[in-house]
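Presented below is the structure to which this report refers.
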Amino acid sequence: MFRRGRDLVQALITNRQFFARDACVVARDMIGATLLVHGVGGIVVETEAYHANDPASHSFCGRTSRNSAMFGAPGSAYVYRSYGLHWCLNAVCLPGSAVLVRAIEPQSKLDLMRANRGVDDLRLLCSGPGRLCQALAVDASYDGLPLDELPFQFKLPSGARTSSILTGHRVGISKAVDLEWRFGLAGSSYLSRKF
DNA sequence: CGTTGGATCTTCT
DNA sequence: GAAGATCCAACGG
């Protein structure tokens, strides 16, 4: 009993420590981790880092009601609407910085994801920030929630990393376009686009 | 293959 | 009023 509780606290501390670092480092380290929402999800295969003093970041011009979750606790979710249609899910790192989760390899509750997306092809379920939010049914009501508590589950891969990480330019931005802050799992069939 | 335009909301000018 | 961390269907070559 005591042991269980102690391990739980330990896990929460390490989880918070994991996110309370440079967003680029966190973005790279998140590749291969398992992310679930209500048990739906899979393995993170593509991420992008956004810094507090990064012209491409929502937080660059300071705190607003939309981006306030970016200034919350490290390890919490920042969810925003993109192009008026899609939701995008981020993991908050140091204050004002975050990692955009761009693609997931579907693993858990595939049929639920298919139903949420209205698509059968596994490769089209979570390969893109808007797609994965639709597949995992993430919307504004998840903004600010901690990723290490239900309905979220976030687990780092156990053991040493076996596959290599791709690096590239971030997608769909017009500022700070030269930075290579996009990361992906080499060889994955579930990336949103080529590197 | 590649390109284009429409859907539709939030923020800032 | 314009632009945006997007997606998809409809084109054209």
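Each chain gets a letter, A, B and so on, in the order the sequences are listed, and its residues count up from 1. The basis for the numbers below is simple: all heavy atoms, side chains too, and nothing from hydrogens, waters or symmetry mates.
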| query | Looking at DNA chain B, which of residues 78-113 of chain A put a heavy atom within less than 4.0 Å of it? | reply |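 Here the set is A:Arg81, A:Tyr83, A:Gly84, A:Leu85.
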
| Any side-chain N or O of A:Arg66 less than 4.0 Å from the OP1 or OP2 oxygen of C:dA5? |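 No, because none of the side-chain N or O atoms of A:Arg66 sits under 4.0 Å from OP1 or OP2 of C:dA5.
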
| query | So, A:Thr167 versus A:Arg28: side-chain donor-acceptor pair below 3.5 Å or not? | reply |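 On atom types as modelled, these side chains qualify, holding a pair under 3.5 Å.
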
| When the distance from CZ of A:Arg117 to C1' of C:dC7 is rounded to whole Å, what number comes out? |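 One finds 8 Å between C1' of C:dC7 and CZ of A:Arg117, rounded.
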
| task | Provide, to the nearest angstrom, the distance between the CZ atom belonging to A:Arg123 and the P atom belonging to C:dC7. | result |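 After rounding, the gap between these two atoms is 17 Å.
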
| request: Could you tell me whether a side-chain N or O of A:Asp54 sits under 3.5 Å from a main-chain N or O of A:Phe60, the two making a donor and an acceptor? | output: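 No.
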
| said: I'd like to know if A:Arg170 pairs up with A:Glu48 as an ion pair, taking the criterion as any Lys NZ or Arg NE/NH1/NH2 lying under 4.0 Å from an Asp or Glu carboxylate oxygen. | reply: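 A:Glu48 and A:Arg170: not salt-bridged.
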
| task | Quick one: stems involving DNA chain C, counted as three or more successive Watson-Crick or G-U pairs, both distances short of 3.5 Å. | result |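 Stem segments, range with range: B:1-7 with C:6-12, B:9-12 with C:1-4.
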
| field | Smallest separation among heavy atoms of A:Tyr142 and A:Pro151, with atom names | value |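 Closest approach of A:Tyr142 to A:Pro151: CE2-CG, 3.7 Å.
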
| said: What's A:Arg182 touching, base or sugar-phosphate or nothing? Going by heavy atoms closer than 4.0 Å. | reply: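 Counting heavy atoms under 4.0 Å across all strands, no contact is made by A:Arg182.
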
| Checking all strands, does A:Arg170 fall into the base, sugar-phosphate, or nothing category for heavy-atom contacts under 4.0 angstrom? |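 A:Arg170: no heavy atom of the nucleic acid under 4.0 Å.
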
| Positional range of nucleotides in DNA chain B within the contact set of chain A, heavy-atom, under 4.0 Å |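 For DNA chain B, the relevant span reads B:dA7 to B:dC12.
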
